[in-house]
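Encoded as structure tokens, the structure appears first; notes follow it.
Note: hydrogens, waters and symmetry copies are ignored here, and every other heavy atom, side chains too, is used. Predicted, not measured: the structure shown is a model, and the values here were computed from it. Both ligands and their constituent atoms are indexed starting at 1 by order of listing.
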Amino acid sequence: SQDLKVVKISKFCETGETKPIIFIEANTHAREWITSAVATYIINELLCGTLQERLDQFDFYIVPVGNPDGYVYTHTESRTWRKTRSLNKGSECVGTDPNRNWDDHWMTGGSSVDPCSNVYAGTAAFSEVEIRSLAEYYKTIGNDVSFFLTLHSHGQMFLLPWGYTLDHIPDYDRYMEVAKNGAAALETVNGTKYTWGSIPETIYIASGGSLDWILGKFPNIRLALCAELRDTGKYGFLLPAHEILPTGEELVAALNNINYRDVLPIPGL
Ligand code: 0X9
Ligand code: ZN
């Protein structure tokens with residue numbers, strides 16, 4: 001099986017000074033190829049594009065492929081594979097949905113106990129080595145993370161936690177404002193329209209997702225969002241390569257529109 005890789009980009013590596021963290025997770029669902037392509041574009045923009053200035057205030061941690069075994073499988077065997085590749089005892093069906101496997105309200109809605117289901121939650125929370133490892137890693141930096149962004153496809157939506165309940169998060173109004181302004185900035189680039197709202201109000205209840213675990217566990221987080229990238233179904237997961245750059249450019253416009261003062265840690269908290 002493949003290693004999980006994280007790219008850390010910091011302007012202050014020589015002095016060892018650390019900044020609040022923006023953490024970006026991508027391609028946790030194996031077939032959502034546009035997400036690792038856009039994560040790569042974000043890395044490019046941090047190093048030599050319009051995101052460079054963000055490095056004055058933040059360190060970036062980026063997991064371009066959160067499900068590397070599944071990702072390899074989409075290249076070698078089945079392009080539309082979603083889950084991990086772990087074997088399930090007593091079943092011929094392989095894999096767990098990594099975005100139903102986090103230890104937060106695990107298996108309370110929108111997931112399945114059937115190993116053959118595409119939303120199989122696993123035998124227990126954190127049964128998947130990918131999710132366990134990400135969580136362990138995350139615990140070492142989690143209190144310094146200000147903004148967590150998870151990239152998925154497709155649907156053209158900005159999704160807010162919670163995923164497990166229709167209840168709104170305490171900061172719902174502020175999050176909605178960020179998502180709305182992000183969608184407006186995004187649209188100016190290529191005319192692409194994104195919708196926004198909480199996960200259950202926009203798509204469906206989904207428990208055991210990364211957003212819920214992270215927002216529930218690390219009180220210093222100021223923003224935790226899921227972006228469902230292009231498209232709205234024409235090509236779906238099979239988005240053509242020539243859509244990579246425009247998808248990245250418009251998302252970066254949304255990211256550049258965020259008022260980063262709102263995302264910085266509250267002094268004294
Ligand atoms: O069902 C999902 O896991 C996500 N949609 S997808 O079509 N990409 O599978 C939406 C869940 C959003 N929740 C989190 N990102 N935590
Ligand atoms: Zn997904």
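The nearest non-hydrogen atom to atom 2 (C) of ligand 1, considering only R100, M157, H152, comes from R100. Considering each of T35, L211, I199, L159, the one bringing a non-hydrogen atom nearest atom 13 (N) of ligand 1 is I199.
Taking the ring centre of F126 as origin, the terminal cationic atom of R132 falls outside the region bounded by 6.0 Å and 45° from the ring axis. Taking the ring centre of F12 as origin, the terminal cationic atom of K19 falls inside the region bounded by 6.0 Å and 45° from the ring axis.
Within ligand 1, counting atoms from 1 as listed, the ones closer than 4.0 Å to a heavy atom of T150 are 15 (N). Which parts of ligand 1 touch I203 is read off a 4.0 Å heavy-atom cut-off, strictly below it: atoms 10 (C). Residue contact check: N99 has heavy atoms under 4.0 Å from atoms 2 (C), 3 (O), 11 (C), 12 (C), 13 (N), 14 (C), 15 (N), 16 (N) of ligand 1. Atoms of ligand 1 lying under 4.0 Å from at least one heavy atom of S153, given by number and element, are 7 (O), 8 (N).
Considering only non-hydrogen protein atoms, atom 6 (S) of ligand 1 sits nearest to E228 OE2, 3.6 Å. At the shortest separation from atom 8 (N) of ligand 1 among protein heavy atoms lies E32 OE2, 2.9 Å.
The nearest N, O or S atom of E32 is closer to the Zn ion (ligand 2) than 2.8 Å.
Side-chain contact check for S86 versus E128: some heavy-atom pair is nearer than 4.5 Å.
Between E32 and T35, the side chains place no donor N or O within less than 3.5 Å of an acceptor N or O (distance only, hydrogens not considered). Donor-acceptor pairing under 3.5 Å is lacking for the side chains of T232 and Q156.
Taking a 4.0 Å cut-off on heavy atoms, G155 fails to register as neighbouring ligand 1. Under a 4.0 Å heavy-atom criterion, S210 is in contact with ligand 1. Ligand 1 has Y204 within reach: a non-hydrogen atom of the residue lies less than 4.0 Å from it. A heavy-atom separation below 4.0 Å is found between R82 and ligand 1.
The Zn ion (ligand 2) is closest to atom ND1 of H152 (considering only N, O or S atoms). Distances from the Zn ion (ligand 2) to the N/O/S atoms of H29 are shortest for ND1.
Side-chain rings of Y260 and F58 approach one another, their centers coming within less than 6.0 Å. Taking the six-membered ring for Trp and the full ring otherwise, the centers of H154 and W33 sit at least 6.0 Å from each other.
No side-chain donor-acceptor contact under 3.5 Å links E243 to the backbone of P240. For R31 (side chain) and G70 (main-chain N/O), no donor-acceptor pair under 3.5 Å exists by modelled atom type.
The proximity of P161 to ligand 1, defined as any non-hydrogen pair under 4.0 Å, does not occur for either the backbone or the side chain. Contacts of D212 with ligand 1, taken as heavy-atom pairs under 4.0 Å, are absent altogether.
When each of N101, T96, D97 is tested with N99 by the rule side chain to side chain contact (heavy atoms under 4.5 Å, CB included), just one qualifies, namely D97.
Between Y138 and W213, the angle of the ring planes goes over 60°, which puts this pair in the perpendicular group of the 30/60° scheme.
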